[in-house]
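To keep things clear, I will list the structure first and then write my remarks on it.
Worth knowing before you read on, the calculation uses all heavy atoms, side chains too, and leaves out hydrogens, waters and symmetry mates. So that the names make sense, note that chain A is the first sequence line, chain B the second, and so on, each numbered from 1.
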Amino acid sequence: MLTESEAVALQEALRQRVVSEDVFTAPVRFIAGADVEYDKHRDLIAGAIVLLDAKTKAVVEVATHVMPAPFPYVPGLFSFREMPPLLAAYRQLRQTPDVLICDGHGLAHPRRFGLACHIGVELNIPTIGCGKTRLTGYYQDLAPERGATTPLTDEATGEILGQVVRTQTGINPVFVSVGHRIGLASAVELVLAMSESVRLPETTRQADAYARQAWLAAIG
DNA sequence: GCGACAG
DNA sequence: ATCTTGTCGC
């Protein structure tokens, strides 16, 4: 297994390949979601990739993969734990998504290389990071209405790492950042489009449900 | 040294 | 991620 310092070195090298501008086919027709399921008592991790019709939000394809956890949970080294089962699931897809929304951050990461960037660079596909809580960066108060956004910034450099996005009025926001081959504005637009009446994008919700199902089937 | 820390 | 019920508020 990779050591932590080797993982950090790999991030520093791969981050150079991230493309943070729109390089994808628009309008988006097939949009994918990725999520994993596990618990702290077992060494098993289940990953799921779902493909949705962007217009109807109907699930058109699902792929899952269960395997022993390849790496422990370490904040900042998240992708080394969650990416392997997701890549295995992704390889089973028949269709290629126009963009993939990940359950975790992209550039909004201490070394600017979160899960969404890692998967995007590894598969060379457009990816978006959409996390439920903050990992790094600071932000100002956010208006309570759905659609409100405020930048997530690095206080030291002023660099914009992502956008804090209110997908539902009066509900905790989500943290959107660039994964690969997409600009931040498009990333926010797609996350909002996939969250018309729910907090998390429909892609993430479906991926979560299928990952949980695969995990439950695996542990019996 | 102390606090923070995606899932 | 998970441990975990009822309860407050729109």
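- Ring-centre distance between A:F78 and A:H118: not below the 6.0 Å cut-off.
- Residue-level contact check: A:I171 touches neither bases nor backbone, having no heavy atom under 4.0 Å from any strand.
- Considering only the side chain of A:P75, B:dC5 comes nearest among C:dT2, B:dG7, B:dC5.
- Of all nucleotides listed (C:dT2, B:dA6, C:dA1), C:dT2 comes nearest to the side chain of A:R212.
- Residue ring and nucleobase are not stacked for A:F78 and B:dG7 under a centre distance beneath 5.5 angstrom and an angle between planes beneath 30°.
- Within 4.0 Å of A:G129, counting heavy atoms only, lies no atom of the nucleic acid at all.
- In this structure, the separation between CZ on A:R15 and CZ on A:R17 is 14.0 Å, given to the nearest 0.5 Å.
- Checking the phosphate oxygens (OP1, OP2) of C:dA1, a side-chain nitrogen or oxygen of A:K132 falls inside 4.0 Å.
- A pairwise comparison of heavy atoms in A:Q92 and A:T64 identifies NE2-O, 3.0 Å as the closest pair.
- Counting any heavy atom pair closer than 4.0 Å across all strands shown, A:H109 reaches a base atom.
- Put simply, CD1 on A:I128 is 17 Å from C1' on B:dA6, counting in whole angstrom units.
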* Structure fact -> Intra- and inter-strand pairing of DNA chain B, written as dot-bracket with Watson-Crick and G-U pairs under 3.5 Å and | for the latter, reads .......

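- A:R134 comes within 4.0 angstrom of sugar-phosphate atoms only, judged by non-hydrogen atoms across all strands, and of no base.
- Of the candidates B:dA6, B:dG7, C:dA1, the closest approach to any side-chain atom of A:D35 belongs to B:dG7.
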